[in-house]
Trainee: 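Please read through the structure below; I'll follow up with questions.
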Amino acid sequence: MASITKAERTVTASASNGAGSTTTGSTVNLTTALGAVFGFKMTNGATGPTVPCTATLQYSSDNFSAHIYDVAQVTGGTANNGITQGAWTVPKDVMYARVKFGGNTGQAVTVESYV
């Protein structure tokens with residue numbers, strides 16, 4: 001049986017997702033992986049957004065050239081300095097995955113994700 005190497009990889013480096021903007025993380029090639037766990041975090045500033053930020057896990061069978069599927073979403077809050085974080089387990093059948101953040105209005109939200 002082959003050995004498995006596990007290492008954390010940044011999908012979305014900590015970044016400010018401006019009001020009305022979208023931040024899309026890098027694509028993770030899972031074609032030879034036995035699944036993965038994607039963690040995410042959304043942190044509001046001293047003034048929370050009017051509409052909260054949403055983290056979306058996306059899958060693709062063709063490296064996001066034409067087939068993109070939103071498969072899970074978590075919406076953060078609007079509290080000042082509020083933090084929303086969590087993780088999704090990706091099954092071994094998935095070929096490519098990434099995390100997209102957006103939807104917040106009024107204020108920027110700091111976003112990040114890892115696999």
Side-chain angles (χ1 to χ4, degrees):
M1 182 171 191
S3 63
I4 298 173
T5 302
K6 297 182 181 187
E8 182 179 275
R9 178 175 160 193
T10 301
V11 178
T12 310
S14 183
S16 177
N17 187 67
S21 298
T22 300
T23 300
T24 303
S26 60
T27 299
V28 179
N29 181 338
L30 300 170
T31 56
T32 60
L34 298 174
V37 175
F38 279 73
F40 65 89
K41 184 176 182 181
M42 299 175 280
T43 306
N44 297 340
T47 301
T50 306
V51 174
C53 188
T54 297
T56 304
L57 178 65
Q58 296 181 313
Y59 291 172
S60 175
S61 59
D62 62 0
N63 201 9
F64 294 96
S65 65
H67 301 98
I68 302 169
Y69 305 99
D70 294 347
V71 294
Q73 290 187 323
V74 173
T75 299
T78 57
N80 298 344
N81 299 309
I83 297 173
T84 302
Q85 58 189 352
W88 295 295
T89 300
V90 176
K92 64 182 178 181
D93 303 339
V94 173
M95 296 175 68
Y96 300 93
R98 67 184 183 190
V99 179
K100 179 177 77 171
F101 297 93
N104 52 296
T105 63
Q107 301 293 328
V109 175
T110 301
V111 298
E112 59 186 283
S113 63
Y114 299 89
V115 63

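All values below were derived from every heavy atom in this structure, side-chain atoms included, with hydrogens, water molecules and symmetry-related copies excluded.
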Trainee: Using 0.5 Å steps for rounding, measure from the CZ atom of Phe40 to the CD atom of Glu112.
Mentor: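 Separation between the atoms: 11.5 Å.
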
Trainee: Between atom CG of Asp62 and atom OH of Tyr96, what is the distance when rounded to the nearest 0.5 Å?
Mentor: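 So the CG of Asp62 and the OH of Tyr96 are separated by 8.5 Å.
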
Trainee: NZ of Lys92 to OG1 of Thr32: how many Å apart, nearest 0.5 Å?
Mentor: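 Spacing of NZ (Lys92) from OG1 (Thr32) equals 14.0 Å.
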
Trainee: Please determine which of Val115, Val28, Leu30 meets the side-chain contact (heavy atoms from CB on, under 4.5 Å) test together with Val90.
Mentor: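 Filter result, single survivor: Leu30.
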
Trainee: Which heavy-atom pair separates Gly106 from Thr50 by the least distance, and what is that distance?
Mentor: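 For Gly106 and Thr50, the tightest heavy-atom pair comes out as CA-OG1, 3.7 Å.
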
Trainee: Checking Val99 against Leu57 for the side chain to side chain contact (heavy atoms under 4.5 Å, CB included) test, could you report, in this order, the C-alpha distance in whole Å, the side-chain angles of both residues, the deciding distance, and whether it holds?
Mentor: CA-CA 5 Å; Val99 179; Leu57 178 65; 4.3 Å; yes

Trainee: Between Asn17 (side chain) and Cys53 (backbone), is there a donor-acceptor pair under 3.5 Å?
Mentor: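 Not a single qualifying donor-acceptor pair exists.
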
Trainee: Take Lys100 and Thr22 through the side chain to side chain contact (heavy atoms under 4.5 Å, CB included) test and state the conclusion after the steps.
Mentor: CA-CA 7 Å; Lys100 179 177 77 171; Thr22 300; 3.5 Å; yes

Trainee: Group every Ile, Leu, Val, Met, Phe, Trp and Tyr by side-chain heavy-atom contacts under 4.5 Å, then state whether Phe64 and Met95 land in the same group.
Mentor: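 Looking at the clustering, Met95 is in the same group as Phe64.
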
Trainee: Nearest 0.5 angstrom please: Phe38 CZ to Arg98 CZ, how far?
Mentor: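 Result: 11.0 Å between the selected atoms.
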
Trainee: Any side-chain to backbone donor/acceptor pair from Asn80 onto Gly48? Under 3.5 Å, distance only.
Mentor: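 Answer holds: yes.
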
Trainee: Side chain to side chain contact (heavy atoms under 4.5 Å, CB included) between Thr10 and Tyr114: does it pass, once the steps are laid out?
Mentor: CA-CA 5 Å; Thr10 301; Tyr114 299 89; 3.3 Å; yes

Trainee: With sequence neighbours excluded, what pairs up with Phe101 under the ring pair (Phe, Tyr, Trp, His ring centres under 6.0 Å) test?
Mentor: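 Listed in chain order: nothing, the list is empty.
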
Trainee: Test Val74 against Trp88 for side chain to side chain contact (heavy atoms under 4.5 Å, CB included), laying out the working first.
Mentor: CA-CA 10 Å; Val74 173; Trp88 295 295; 3.9 Å; yes

Trainee: Rounded to the nearest 0.5 Å, what separates atom CE in Met42 from atom OG1 in Thr12?
Mentor: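 Here the interatomic distance stands at 11.5 Å.
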
Trainee: With rounding to the nearest 0.5 angstrom, report the CD to OG1 distance, Gln73 to Thr56.
Mentor: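 The OG1 atom of Thr56 is 3.5 Å from CD of Gln73, to the nearest 0.5 Å.
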
Trainee: What is the minimum heavy-atom distance between Pro52 and Thr75, and which atoms define it?
Mentor: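 Result for this residue pair: CG-CG2, 3.5 Å.
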
